[in-house]
Number of protein chains: 2
Amino acid sequence: MTSRTPRPRERGIPEATVARLPVYLRALQALQERGTPTVSSEALAEAAGVNSAKLRKDLSHLGSYGTRGVGYEVEHLVHQISRELGLTQDWAVAIVGIGNLGRALANYGGFGTRGFRIEALLDADPAMVGQRVASLEVGHIDSLEEVVGSRGVSIGVITTPAEAAQAVATRFVEAGVGSILNFAPVVLNVPDGVDVRKVDLSIELQILAFHAQRRAAGDGQVAAAPGLELT
Amino acid sequence: MTSRTPRPRERGIPEATVARLPVYLRALQALQERGTPTVSSEALAEAAGVNSAKLRKDLSHLGSYGTRGVGYEVEHLVHQISRELGLTQDWAVAIVGIGNLGRALANYGGFGTRGFRIEALLDADPAMVGQRVASLEVGHIDSLEEVVGSRGVSIGVITTPAEAAQAVATRFVEAGVGSILNFAPVVLNVPDGVDVRKVDLSIELQILAFHAQRRAAGDGQVAAAPGLELT
DNA sequence: ACGGGCTTGTGAAAGGGTGCACAAAGTGGG
DNA sequence: CCCACTTTGTGCACCCTTTCACAAGCCCGT
């Protein structure tokens with residue numbers, strides 16, 4: 001590394017840090033509601049379930065918002081993290097696929113306090129179209145492009161069956177949506193620059209199963225764990 | 001570091017690899033249904049959305065199941081990964097918190113093909129108890145310990161409101177559940193040895209918002225992206 | 001039987017993330 | 001005003017993960 005690097009990168013926040021900021025934010029908001037004025041890295045780290053050094057390093061990427069000997073001012077930090085995460089503006093969200101999960105998401109009120117506005121619910125099933133879910137009328141998927149354009153949707157949520165997901169993603173992208181949250185169990189193919197995050201229930205369960213098996217195998221005394229058989 | 005470490009660990013599969021195995025498994029199962037007999041690392045990597053070298057290294061942790069010059073036998077690999085993930089046995093799952101999300105999960109039939117059996121649905125609301133959801137009768141949360149014990153539940157899913165989650169987690173652990181999948185937006189406190197995975201919708205959205213903001217800021221020409229305002 | 005052509009398995013290098021430990025910097029009491 | 005105490009911000013060493021690049025190994029046509 002050259003010894004001269006005045007600024008590492010314009011606002012280069014590591015991915016791992018970004019992934020933790022929402023956790024810190026939530027903990028801070030809880031403190032805020034309780035009226036706590038300041039918090040130490042130690043206390044906040046505890047609440048967020050991380051190491052305090054890691055927390056300090058994470059926050060240092062946003063700037064020096066702490067006071068040595070005192071800690072961090074809760075209110076100020078909430079504001080800074082919110083700004084950094086882009087929560088000072090509202091993001092319009094469209095959900096495609098109004099099955100059980102889509103409905104659950106639509107009804108999940110406080111999308112992390114605020115910052116997100118569900119603007120549209122779309123489905124391919126004509127029987128679904130026209131129904132009211134979470135005080136929104138379900139539209140037909142054919143109107144996707146129109147809805148994205150007219151309501152300024154910038155985040156798309158996909159809760160369709162696996163088979164439909166790729167097509168929906170492609171349409172989202174073509175319509176100008178740059179951020180996609182995918183609940184369908186498929187790997188989406190999108191052009192560079194489009195941000196896709198995946199939430200996959202069965203993958204999580206399978207990872208749990210792996211560790212559970214590992215535990216059961218290593219354990220002589222199978223505590224309260226059940227029905228384990230050799231293969 | 002001492003220079004002597006004969007065996008890294010008995011069957012030490014890296015976490016990052018474990019997290020990808022379910023993705024490979026799904027891709028392989030799709031190939032299997034299409035009747036494909038063998039697949040190259042290149043093709044499988046493409047389907048799984050990863051680099052082929054990474055895929056080969058991942059698979060090499062399970063053993064040498066490929067044939068040079070040919071690829072991997074699909075059927076065989078499906079079996080090996082399933083066994084490694086512990087999917088050759090059935091895991092009993094209990095879901096606590098039968099709101100919108102809990103219902104959605106209960107109705108989400110094929111939990112990654114199979115390997116998981118939803119054995120119980122529990123809720124604290126007396127109005128909920130007794131209802132049938134996904135052909136199971138909702139039980140009262142007071143019966144948690146009894147249900148876990150008698151039905152051999154080893155994986156607990158928490159879809160309660162945030163306030164209730166910690167208490168449920170503690171009861172799960174005390175009842176002998178070693179694996180918890182938490183959908184409630186709180187950091188769970190559990191003893192060592194208990195495995196908790198978190199799925200948090202609003203965190204995912206916030207991460208997307210961060211990148212979306214970043215994109216919008218860096219972009220001179222805001223392609224089809226909408227309503228962006230300076231702060 | 002042998003050589004050309006693929007594809008795996010893996011050393012080695014590079015990159016990113018984590019956590020320790022401590023200097024720097026602030027507070028408050030005497 | 002100074003000193004003891006607290007807490008932040010960060011240099012550094014370690015570890016995990018990713019990626020490249022290539023030798024080793026296997027198949028098939030001749």
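Just so you know, these numbers use all the heavy atoms, side chains as well, and skip hydrogens, waters and symmetry mates. Chain A is the first sequence line, chain B the second, and so forth, proteins listed ahead of strands; every chain is numbered from 1.
Under the 4.5 Å side-chain criterion, counting only non-hydrogen atoms from C-beta, I13(B) is in contact with E84(B).
For the 3.5 Å distance criterion, the side chains of R83(A) and T88(A) fail to qualify, holding no donor opposite an acceptor. Side-chain atoms of T36(B) and Q32(B) include no donor-acceptor pair closer than 3.5 Å. Neither side chain, R197(A) nor S179(A), offers a donor N or O lying under 3.5 Å from an acceptor on the other. A donor atom on one side chain and an acceptor atom on the other are found under 3.5 Å apart for H211(A) and E15(B). With no hydrogens or angles considered, no side-chain donor-acceptor pair links E174(A) and T170(A) at under 3.5 Å.
Whole-Å rounding puts the D58(A) CG to dG16(C) C1' distance at 13 Å. What separates NE2 of H76(A) from C1' of dT8(D) is a distance of 15 Å, to the nearest Å. Per the geometry, CD belonging to E42(A) stands 9 Å off P belonging to dT7(D), to the nearest Å. Nucleotide dT17(D) holds its P atom 16 Å from the CG atom of L55(B), rounded to whole Å. As a whole-Å value, the separation of L77(A) CG from dT7(D) P is 16 Å. Look at NE2 on H61(B): it is 10 Å from C1' on dT10(C), rounded to the nearest Å. With rounding to whole Å, E15(B) atom CD is found 15 Å from dC15(D) atom C1'. When the C1' atom of dT18(D) is taken as reference, atom CG of L59(B) falls 15 Å away, rounded to whole Å.
Distances were taken from every side-chain heavy atom of Y72(B) (C-beta onward) to each of dT8(C), dG9(D), dT19(D); the shortest belongs to dT8(C).
For K57(A), no side-chain nitrogen or oxygen approaches OP1 or OP2 of dT10(D) to under 4.0 Å. For the OP1/OP2 pair of dC20(C) and a distance below 4.0 Å, the side-chain nitrogens and oxygens of N51(A) include at least one atom meeting the criterion. In this model, the phosphate group of dT7(D) is not approached by any side-chain N or O of Y65(A) to a distance below 4.0 Å at OP1 or OP2.
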- 5' to 3', nucleotides 22-30 of chain D under a 4.0 Å protein heavy-atom cut-off (B base, S sugar-phosphate only, - none) gives --BBBS---
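Looking at heavy-atom distances under 4.0 Å, A53(A) makes contact with a base. Backbone-only engagement by S64(B) is indicated by non-hydrogen atom pairs under 4.0 Å involving sugar-phosphate atoms exclusively.
Enclosure of atom CD in E46(A) is not indicated, since only 12 or fewer non-hydrogen atoms of other residues, nucleotides or ligands lie within 6.0 angstrom.
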